[in-house]
Amino acid sequence: MPRGNELEGPFACCRRANRLLAASCAMPGPLRVSVAASHTKPPIATLWAANELGAQKVEVEVAWTPGGQSAVAQVPGVGALSDVNAARHLARIFGGAGLYGASALQRGEVDSWLEFAAGELAPQVAAAELDVSVRRLDATLAMRTALVDRAGDLTLGDVAVLGALRAHPAFVSAVKKGTAAEAYPHVTRWTAFAEAQR
């Protein structure tokens with residue numbers, strides 16, 4: 001039979017995460033997030049989440065770095081996070097803003113789209129593989145205005161996928177050549193809709 005100390009081990013990280021979450025929510029002023037980003041790969045998801053939450057909840061300090069380095073966000077009490085993970089953290093802390101969906105099912109869908117953006121739409125993915133992923137995305141968007149919210153409200157999932165597409169050289173090339181609209185009509189419509197929401 002396990003003793004009390006042995007049971008604490010697996011749950012220690014959960015208690016620590018809950019303390020950090022409670023501490024960040026109880027901060028007297030806005031949460032301050034520092035982001036190091038390049039002009040070629042801006043942290044779109046983190047900047048959008050911070051903008052949606054407003055200056056009363058989150059202040060973002062952006063230091064633009066030369067070259068194509070990935071964005072890194074420093075979140076107090078958490079440490080360094082990638083763009084998608086920093087945005088996910090902000091959306092979870094301030095869940096009432098709707099960035100992360102309105103239900104557990106929607107939050108699961110948002111997480112799925114965040115993983116899709118970070119994996120299948122990553123800049124290092126080959127053009128042929130990207131085409132397969134964007135065609136799947138196009139089929140998904142055939143009957144939707146937004147990826148998660150059926151009412152058409154954008155979530156963090158939409159922004160992460162849009163940011164990943166806009167950062168992928170093959171997709172940018174297809175847009176510039178004018179072939180994206182024909183190959184991915186629903187993605188093209190959704191992209192225009194999402195960009196108009198800013």
**OP:** Go through the structure and list residues passing salt bridge (charged side-chain N to carboxylate O under 4.0 Å, His left out) with E129, not counting sequence neighbours.
**Re:** none
Original post:
Under 4.5 Å between any side-chain heavy atoms of W113 and L137, yes or no?
Top reply: yes
Subject >> Listed partners of W190 passing ring pair (Phe, Tyr, Trp, His ring centres under 6.0 Å), at least two apart >> reply: none
**OP:** Report yes or no: do W64 and V33 belong to one cluster of Ile/Leu/Val/Met/Phe/Trp/Tyr joined by side chain heavy-atom distances under 4.5 Å?
**Re:** yes
Original post:
Rounded to the nearest 0.5 Å, what separation is found between the CZ atom of R144 and the NE2 atom of H186?
Top reply: 13.0 Å
Original post:
When you look at F171 and L121, which way does the side-chain contact (heavy atoms from CB on, under 4.5 Å) test go after all the steps?
Top reply: CA-CA 9 Å; F171 187 80; L121 303 179; over 6 Å; no
Original post:
Which residues pass the side chain to side chain donor-acceptor pair (under 3.5 Å) test with D131, sequence neighbours left out?
Top reply: R135, Y184
Original post:
Mind checking whether L165 and V175 have side chains closer than 4.5 Å, heavy atoms only?
Top reply: no
Original post:
So which heavy atom on D138 is nearest to which on A183, and how close?
Top reply: OD2-O, 4.4 Å
Original post:
Considering all heavy atoms of both residues, which atom of N85 and which atom of L81 are nearest to each other, and what is their separation?
Top reply: O-CD1, 3.9 Å
Original post:
What distance separates Y100 OH from I93 CD1, expressed to the nearest 0.5 Å?
Top reply: 12.0 Å
**OP:** Mind checking the CG-CG spacing from L99 to D158? Nearest 0.5 Å is all I need.
**Re:** 11.0 Å
Original post:
Is R92 salt-bridged to D111, cutoff N-O under 4.0 Å?
Top reply: yes
Subject >> V159 side chain near I44 side chain, heavy-atom distance below 4.5 Å >> reply: yes
Original post:
Looking only at atom types and distance, does a side-chain atom of S34 sit under 3.5 Å from a main-chain N or O of E61, one as donor and one as acceptor?
Top reply: no
Original post:
Does the T191 side chain pair with the main chain of V187, one donor and one acceptor, at a distance under 3.5 Å?
Top reply: yes
**OP:** Please tell me if the side chains of F193 and R189 come closer than 4.5 Å, counting only heavy atoms from C-beta onward.
**Re:** no
Subject >> Smallest separation among heavy atoms of L130 and A170, with atom names >> reply: CD2-CB, 3.8 Å
Original post:
Taking Q106 for the side chain and A102 for the main chain, is one N or O donor matched with an acceptor at less than 3.5 Å?
Top reply: yes
**OP:** Search all heavy atoms of V84 against all heavy atoms of A160 and return the closest pair with its distance.
**Re:** CG2-CB, 4.4 Å
Original post:
Roughly how far apart are Q197 CD and E52 CD, rounded to 0.5 Å?
Top reply: 9.5 Å
**OP:** Check whether any side-chain heavy atom of D83 sits under 4.5 Å from a side-chain heavy atom of L47, and report yes or no.
**Re:** no
**OP:** Taking all non-hydrogen atoms of both residues into account, name the closest pair between A91 and L156 and its distance.
**Re:** CB-CD2, 3.9 Å
Original post:
Any idea which heavy atoms bring E120 and S133 closest together, and the distance?
Top reply: OE1-OG, 2.8 Å
